[in-house]
Amino acid sequence: MKYVSTRNKSIRRSFEEALFSGYSPDGGLFVPENLPKISSPELQSYASLSFPSLAYEVVRAFISPEEVSDDDLRIICQKSFHDGFDAPDDGVVPVVPVGSDEKSFHDGFDAPDDGVVPVVPVGSVYVAELFHGPTFCFKDLGMRGVINLLSHFSAKRHRKTTLLAATTGDTGPAAVHAVANSNNPYLGIVVHYPRGQISAFQRKQMTTVDSPMVAVVSFDGGGDDMDRPIKDLLTEQQRQHQQEESRGDTTADRILCGVNSYNIGRPLMQMVHFFWTYLRVCEQLGKEPGEDTIVDIVIPTGAMGNMCAGYMAKNMGLPIGKLCAGTNPNDITHRAIQTGKFHRADEMEQTLSEAINIQVPYNFERILYFLTGHDDALVRQWMTTMDTTAKLDIDSTWLDKLQRNFCSARITDEEMCQVMVRVKEGLGYFVDPHTAVAFAAADKLGYHPIQENAQRKPVVIFATASPCKFQEAVTVALGEEGWAEYENAAFPDRARELITKDEVQPTEYKWQEGCTLEEVQTSWKKNVIELVDSMGGV
């Protein structure tokens, strides 16, 4: 399997090269050269597999055995989806019932019987609880596999790798913990978060990790203002490596690598929980997996990594109907799906669902590539327009196809809070603000999830994070009494341990008064290089 750029299919790389590159040299994103098809009999054969075994089967198709042997890939999948999960021996993503006759707090969301990713009936729909990993967030499901693959290759090559990440809340903790857990002196990370724009719990998940291979940075600015400096560093490195290779010099002793969801490893790994969720719903419906059982999925949507993973899985043959995006007022994805206007907003709006505060989602480019039948020339034209004007208008032909596969709803903080109350009072179920966005979106889109004793539909809501990470937002919605009830009944024990840990002061990148965003980003890029050079390891 080779990987090509969304903007130029003549740029072909191995899996290892694509994984370490992050971005393609032309600024595009890497995608598999083709998506292998899954037949109904193959899908049915996956039904009895554990989550790590399912991950092996799905990911094996995308990584040549010459790059990662069968034995090594099995070890990587086992390590990625076992260590640090609440119920590793029973699965990774439980899909289990809540509501109706089965109201509960699901035993503190520890998933003791139903696996690491429970898929549970809640009201009239199913909920896939993607937050039972080490950092209580779905990012563990994609990030740990990617980090363990990077660790595998770095150790194999005896080459120091520094990962670069920007986070609006959940990517950073998942990446930091995965790097620390790898215990690999060849692998380090510099992670950046916008000051004051993530929860205290999320911040502490990064600043309490004591490792010479981890550097945490806070910066002044919006959630994705750090994306440009990181992209510039990675694309400059790509061009430099190309020049070195042309001279026969392949001796670079350190490389930089991005691990936000522009890295192809993330959507590849996240496809696994789409397969798992689909199989668990079929199991609960008492139906054979296959074309006769179509499942719609509603997803809290920021950078569109999950949307992209779901669309790739659908194109492989997984029977998914609509992929439904729930956005907050930072709603570029909603506007693109509804009107074809993929326009960057002038400003980021602060919301209670901070982790999906995104102005330009990376993975829309991948979705457009697959939507157009791998038309790299058209995608290059579109993304050049977007890069230069911050506005892309999708014509009616492609908009119609987009709307056949995707739908969306925009949810305000007020609507999100109202739904959080309704889910708790009506179904006895606590949700975090991002999952509440998805519940509210499902309601607007006509799925009516908050109904007891309703006929259950083959619709799944992705619960992407545990409420334990969002005390402020949950308290705004449910009040102090509501938060206290959650703390007493469902707050995870592992999360309590974090609260008392001491923090390490993060490095700070300042926005100098009077400077433009472009000037500040140039300064930050220099800061990154200095920090990388100062880090430990071999």
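FYI, side chains are in, hydrogens and waters are out, and symmetry mates aren't considered; it's all heavy atoms of this structure. These numbers were taken from a predicted model, which means no experiment stands behind them.
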Steps toward side chain to side chain donor-acceptor pair (under 3.5 Å) verdict (Asn405, Lys314) | CA-CA 9 Å; Asn405 289 278; Lys314 181 176 180 177; 2.9 Å; yes
Might you work through the side-chain contact (heavy atoms from CB on, under 4.5 Å) test for Phe439 and Val127, ending with a clear yes or no?
-> CA-CA 10 Å; Phe439 263 94; Val127 173; 3.8 Å; yes
Stepwise side-chain contact (heavy atoms from CB on, under 4.5 Å) test for Phe20 and Arg159 | CA-CA 12 Å; Phe20 276 86; Arg159 181 180 59 199; 3.9 Å; yes
side-chain contact (heavy atoms from CB on, under 4.5 Å) evaluation trace for Glu16 with Val68 = CA-CA 9 Å; Glu16 180 182 356; Val68 182; over 6 Å; no
With side chain to side chain donor-acceptor pair (under 3.5 Å) as the test, would you mind laying out the steps for Ser53 and Ser50 before giving the verdict?
-> CA-CA 5 Å; Ser53 296; Ser50 68; 3.1 Å; yes
I would like to know whether Val295 and Tyr126 meet side-chain contact (heavy atoms from CB on, under 4.5 Å); could you show each step before the answer?
-> CA-CA 10 Å; Val295 175; Tyr126 294 87; over 6 Å; no
Given side chain to side chain donor-acceptor pair (under 3.5 Å), test Asn357 with Asn328 step by step and report yes or no.
-> CA-CA 7 Å; Asn357 284 349; Asn328 64 23; 2.8 Å; yes
So Arg228 and Glu518, salt bridge (charged side-chain N to carboxylate O under 4.0 Å, His left out) or not? Walk me through it.
-> CA-CA 9 Å; Arg228 174 55 60 181; Glu518 186 176 279; over 6 Å; no
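Under the 3.5 Å distance criterion, the side-chain polar atoms of Arg266 are matched with a main-chain donor or acceptor of Val259. The backbone N or O of Asp232 sits less than 3.5 Å from a side-chain atom of Thr235, completing a donor-acceptor pair. For Arg60 (side chain) and Ile63 (main-chain N/O), a donor-acceptor pair under 3.5 Å exists by modelled atom type. Side chain of Asn263 to main chain of Gly258: a donor-acceptor pair is present (N/O by atom type, distance under 3.5 Å, no hydrogens or angles). At least one donor-acceptor pair under 3.5 Å links the side chain of Gln403 to the backbone N or O of Gln338. At least one donor-acceptor pair closer than 3.5 Å links the side chain of Thr389 to the backbone N or O of Thr385. Glu415 contributes a side-chain N or O that, together with a main-chain N or O of Thr412, makes up a donor-acceptor pair within less than 3.5 Å. Remark: the backbone N or O of Val459 is not paired with any side-chain donor or acceptor of Asp296 at under 3.5 angstrom. Using modelled atom types, one side-chain atom of Glu42 and one backbone atom of Ser39 make a donor-acceptor pair closer than 3.5 Å. Side chain of Thr372 to main chain of Tyr369: a donor-acceptor pair is present (N/O by atom type, distance under 3.5 Å, no hydrogens or angles).
Taken from NE2 in His374 to CG in Leu378, the straight-line distance is 13.5 Å, to the nearest 0.5 Å. In this structure, Lys469 NZ and Asp432 CG are separated by 9.0 Å, a value rounded to the nearest 0.5 Å. Taken to the nearest 0.5 Å, the OG atom of Ser261 stands 7.5 Å off from the CZ atom of Arg366. The CG atom of Asp170 sits 8.0 Å away from the OG atom of Ser199 when rounded to the nearest 0.5 Å. Separation of atoms CG (Leu399) and OG1 (Thr339) is listed at 7.5 Å; rounding is to 0.5 Å. Taking CG of Leu49 as the start and CZ of Phe275 as the end, the distance is 12.0 Å to the nearest 0.5 Å.
With salt bridges taken as basic N to acidic carboxylate O contacts below 4.0 Å, none links Arg380 and Asp387. In summary, Glu67 and Lys2 do not engage in a salt bridge, as defined by a charged side-chain N under 4.0 Å from a carboxylate O. In this structure, Asp331 pairs ionically with Arg410, as a charged nitrogen and a carboxylate oxygen lie closer than 4.0 Å. Salt-bridge check for Glu236 with Lys525: passed, with a basic side-chain N closer than 4.0 Å to an acidic carboxylate O.
Identified under the ring-ring contact (aromatic ring centres under 6.0 Å, His included) test for residues 296-346, with sequence neighbours left out: Tyr311-Phe406, Phe342-Phe364.
Taking the side chain as every heavy atom from C-beta outward, Leu29 and Ile264 never approach each other to under 4.5 Å. Contact annotation: the side chain of Lys139 never approaches that of Thr135 to less than 4.5 Å [non-hydrogen atoms, C-beta and beyond]. Looking at heavy atoms from C-beta onward, Asp225 lies out of side-chain contact with Pro194 at the 4.5 angstrom threshold. In this structure the side chain of Val528 reaches within 4.5 angstrom of the side chain of Leu164, judged on heavy atoms. A 4.5 Å side-chain heavy-atom check between Met416 and Pro433 finds at least one atom pair inside the cut-off. Within the 4.5 Å cutoff, no side-chain heavy atoms of His192 are placed close to those of Thr167. Under the 4.5 Å side-chain criterion, counting only non-hydrogen atoms from C-beta, Val58 is not in contact with Leu268. The shortest distance between side-chain heavy atoms of Asn306 and Met304 does not fall below 4.5 Å.
Minimum interatomic distance between Thr464 and Pro300 (heavy atoms only, all atoms of both residues): OG1-CG, 3.7 Å. Of all non-hydrogen atoms in Ala436 and Met420, the two that sit nearest each other are CB-CE, 4.1 Å. Scanning all heavy atoms of the two residues, the minimum distance from Cys77 to Pro52 falls at CB-O, 3.6 Å. Across Thr6 and Gly28, no two heavy atoms sit closer than the pair OG1-CA, 3.6 Å. When all heavy atoms of Asp413 and Ser353 are compared, the pair lying nearest together is OD1-N, 4.3 Å.
Here the two rings, on Tyr3 and Phe15, have centers that are under 6.0 Å apart. Between Phe131 and Phe136, the distance separating the two ring centers is not shorter than 6.0 angstrom. Centroid-to-centroid, the aromatic rings of Tyr509 and Phe219 stay 6.0 Å apart or farther. Between Phe201 and Phe470, a ring centre-to-centre spacing not shorter than 6.0 Å is recorded. Separation of the His273 and Phe462 ring centroids falls under the 6.0 Å cut-off.
Between the side chains of Thr327 and Thr301, no donor N or O sits under 3.5 Å from an acceptor N or O. Neither side chain, Ser151 nor Asn148, offers a donor N or O lying under 3.5 Å from an acceptor on the other. Side-chain contact check for Ser5 and Asp26: at least one donor-acceptor pair (N or O, by modelled atom type) lies under 3.5 Å. A donor-acceptor contact closer than 3.5 angstrom links the side chains of His132 and Glu129. There is no side-chain donor-acceptor pair under 3.5 Å between Asn330 and Glu349.
More than 12 heavy atoms of other residues, nucleotides or ligands sit less than 6.0 Å from atom CG of Asp395. Within 6.0 Å of NZ on Lys341 lie no more than 12 heavy atoms contributed by other residues, nucleotides or ligands.
Arg280 forms a cation-pi arrangement with Trp276, by the criterion of a distance under 6.0 Å to the ring centre and an angle within 45° of the ring axis.
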